[in-house]
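Here the structure comes first, spelled out in structure tokens, and everything after it is commentary.
Since the structure is predicted, the reported quantities are computational estimates derived from the model, not experimental observations. In this chain, residues are counted from 1 in sequence order.
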Amino acid sequence: MTKVQLEELREVIHPAGKLESRAEHWAGRLYMRSLSLRVTRLMLGTRVSPNQITTVMVFAGVLSGVALVVPGPGGAVLSVLFMQLYLLLDCVDGEVARWRRQFSPLGVYLDRLGAYLADAAVMVGMGIRAAELGLNLYLVAGLAAAIGVLLLKSSSDLVHVARSDSGMEKATDQSVVPRSSGLARVRRLTSAVGLHRVVNGIECTILLLVTAIVDLSLGDLTATKIVTVAVTAIVWLLVPAHIVSIVASSRLK
């Protein structure tokens, strides 16, 4: 088939407002969408379907957490690489689907499943890494962080389920703002601080790579243990705050 020109491809797979939307990760805007554009053009010359790409994406996300079990900086580097592959494929599957107009509920389901499994796997891997493959409080912290991350993601997705079951249209970006001006200010402040970024698999794997380097200089896992406890605490600080934010917004009205 004739190779698609990048500009022609970009107009279709990166429609107006796509990169500026709340759903777009900062890494996508900064560099990954530029890379995915070129990978997508290569994929269009194959018979690989969007759902097959998404399936590989799911495995890459899970492997990012598994890689953290490997001791030392090597495991942390592998974790970052697998998570970056996850992010790349998360861009490519949707781009291929938009170009070919191959949309399906299965694709949406696999994409959501991948997001759940990837972030939870990283939290569990973080706990196992800090626990040095043993059973102690750091492993419990990692598991608790994984459960918290699943709650954060599911509470957001349940908004769409609730609206769909009630016969309502999909929620808009504006509807996430709390109706209370006080809560709205708190939401803007917490968003500016960026604590929620730490519980995302992409940022967390980078953070764990930094702690692995610090651990190497210290000769132990002190930095990883501190980060594990801190991330778990942040997750469980965010869970009730996120649910309150949803209930206080217009998303369920």
Original post:
If Ile, Leu, Val, Met, Phe, Trp and Tyr residues are connected whenever their side-chain heavy atoms lie under 4.5 Å apart, and connections chain through other members, are Leu19 and Leu88 in the same group?
Top reply: no
**OP:** May I have the step-by-step check of side chain to side chain contact (heavy atoms under 4.5 Å, CB included) for Leu9 and Leu44, ending in yes or no?
**Re:** CA-CA 10 Å; Leu9 183 62; Leu44 293 179; 3.7 Å; yes
Subject >> Heavy-atom side-chain proximity of Val149 to Val235 below 4.5 angstrom >> reply: yes
Original post:
How long is the span from the CG atom in Asp157 to the OH atom in Tyr116, to the nearest 0.5 Å?
Top reply: 3.5 Å
Subject >> Closest non-hydrogen atom pair, Ala141 against Thr228 >> reply: CB-CG2, 4.0 Å
Original post:
Between the side chain of Ser79 and the main-chain N/O of Gly65, is any donor-acceptor distance below 3.5 Å?
Top reply: no
**OP:** State, to 0.1 Å, how close Met43 and Val96 come at their nearest heavy-atom pair, and which atoms those are.
**Re:** CB-CG2, 4.1 Å
Subject >> side chain to side chain contact (heavy atoms under 4.5 Å, CB included) assessment of His242 paired with His196 >> reply: CA-CA 10 Å; His242 186 59; His196 61 289; over 6 Å; no
Original post:
What are the two closest heavy atoms between Arg98 and Val12, and how far apart are they?
Top reply: O-CG1, 4.0 Å
**OP:** Test side chain to side chain contact (heavy atoms under 4.5 Å, CB included) on Met57 and Asp111 and set out the steps.
**Re:** CA-CA 8 Å; Met57 179 204 78; Asp111 190 76; 4.1 Å; yes
Original post:
Are His25 and Asn200 close enough that some pair of their side-chain heavy atoms sits under 4.5 Å apart?
Top reply: yes
Original post:
Using a distance-only test with no angle check, is there a side-chain donor-acceptor pair under 3.5 angstrom linking Asn51 and Ser49?
Top reply: no
Original post:
Which atoms form the tightest heavy-atom contact between Ala212 and Arg129, and what is the distance?
Top reply: CB-NH2, 3.5 Å
Original post:
Just by distance, do the side chain of Ser245 and the backbone of Ala241 share a donor-acceptor pair under 3.5 Å?
Top reply: no
Original post:
So do Val62 and Phe59 actually touch side chain to side chain, heavy atoms under 4.5 Å?
Top reply: no
Original post:
Any idea which heavy atoms bring Lys225 and Ala130 closest together, and the distance?
Top reply: CE-O, 3.3 Å
Original post:
So do the side chains of Asp119 and Val199 get within less than 4.5 Å of each other, counting heavy atoms only?
Top reply: no
Subject >> Whether over 12 other heavy atoms sit under 6.0 Å from Leu81 CG >> reply: yes
Original post:
How many angstroms lie between atom OH of Tyr31 and atom OG of Ser36, to the nearest 0.5 angstrom?
Top reply: 11.0 Å
Subject >> Polar side-chain atom of Arg112 near backbone of Ser154 as donor-acceptor pair, under 3.5 Å >> reply: no
Subject >> Residues Arg41, Glu95: salt bridge by 4.0 Å N-O rule >> reply: no
Subject >> Shared hydrophobic cluster for Leu6 and Ile13 (ILVMFWY, side-chain gaps under 4.5 Å) >> reply: yes
**OP:** With rounding to the nearest 0.5 Å, note down the distance linking CG in Leu221 to CG in Leu216.
**Re:** 10.5 Å
Original post:
Under a single-linkage definition using a 4.5 Å side-chain heavy-atom cutoff for Ile, Leu, Val, Met, Phe, Trp and Tyr, are Ile206 and Met83 assigned to the same hydrophobic cluster?
Top reply: no
Subject >> Common cluster, Met126/Ile147, ILVMFWY with side-chain heavy-atom separation under 4.5 Å >> reply: yes
**OP:** Taking the side chain as every heavy atom from C-beta outward, state whether Leu208 and Thr211 have any pair of such atoms under 4.5 Å apart.
**Re:** yes
**OP:** Check Asp220 against Asp215 and note the closest heavy-atom contact, atom names and distance.
**Re:** O-CB, 2.9 Å
Subject >> Gap separating the OG1 atom of Thr224 from the CG atom of Leu218, nearest 0.5 angstrom >> reply: 9.5 Å
Original post:
Quick one: does Thr54's side chain get under 4.5 Å of Leu89's, heavy atoms only?
Top reply: no
Original post:
Do Leu209 and Val124 share a hydrophobic cluster (ILVMFWY, side-chain heavy atoms under 4.5 Å, transitive)?
Top reply: no
Original post:
About how many Å separate CG of Leu113 and OG1 of Thr55, when rounded to the nearest 0.5 Å?
Top reply: 9.5 Å
Subject >> Main-chain N/O of His160 paired to Ser164 side chain as donor or acceptor, under 3.5 Å >> reply: no
**OP:** For the residue pair Gln84 and Val80, establish whether any side-chain heavy-atom pair is separated by less than 4.5 Å.
**Re:** yes
Original post:
Yes or no on side chain to side chain contact (heavy atoms under 4.5 Å, CB included) for Lys153 and Leu150, after CA distance, side-chain angles and deciding distance?
Top reply: CA-CA 5 Å; Lys153 290 186 173 298; Leu150 292 176; 5.7 Å; no
Original post:
So do the side chains of Trp99 and Glu8 get within less than 4.5 Å of each other, counting heavy atoms only?
Top reply: yes
Original post:
Distance from Glu24 atom CD to Met32 atom CE, nearest 0.5 Å?
Top reply: 11.0 Å
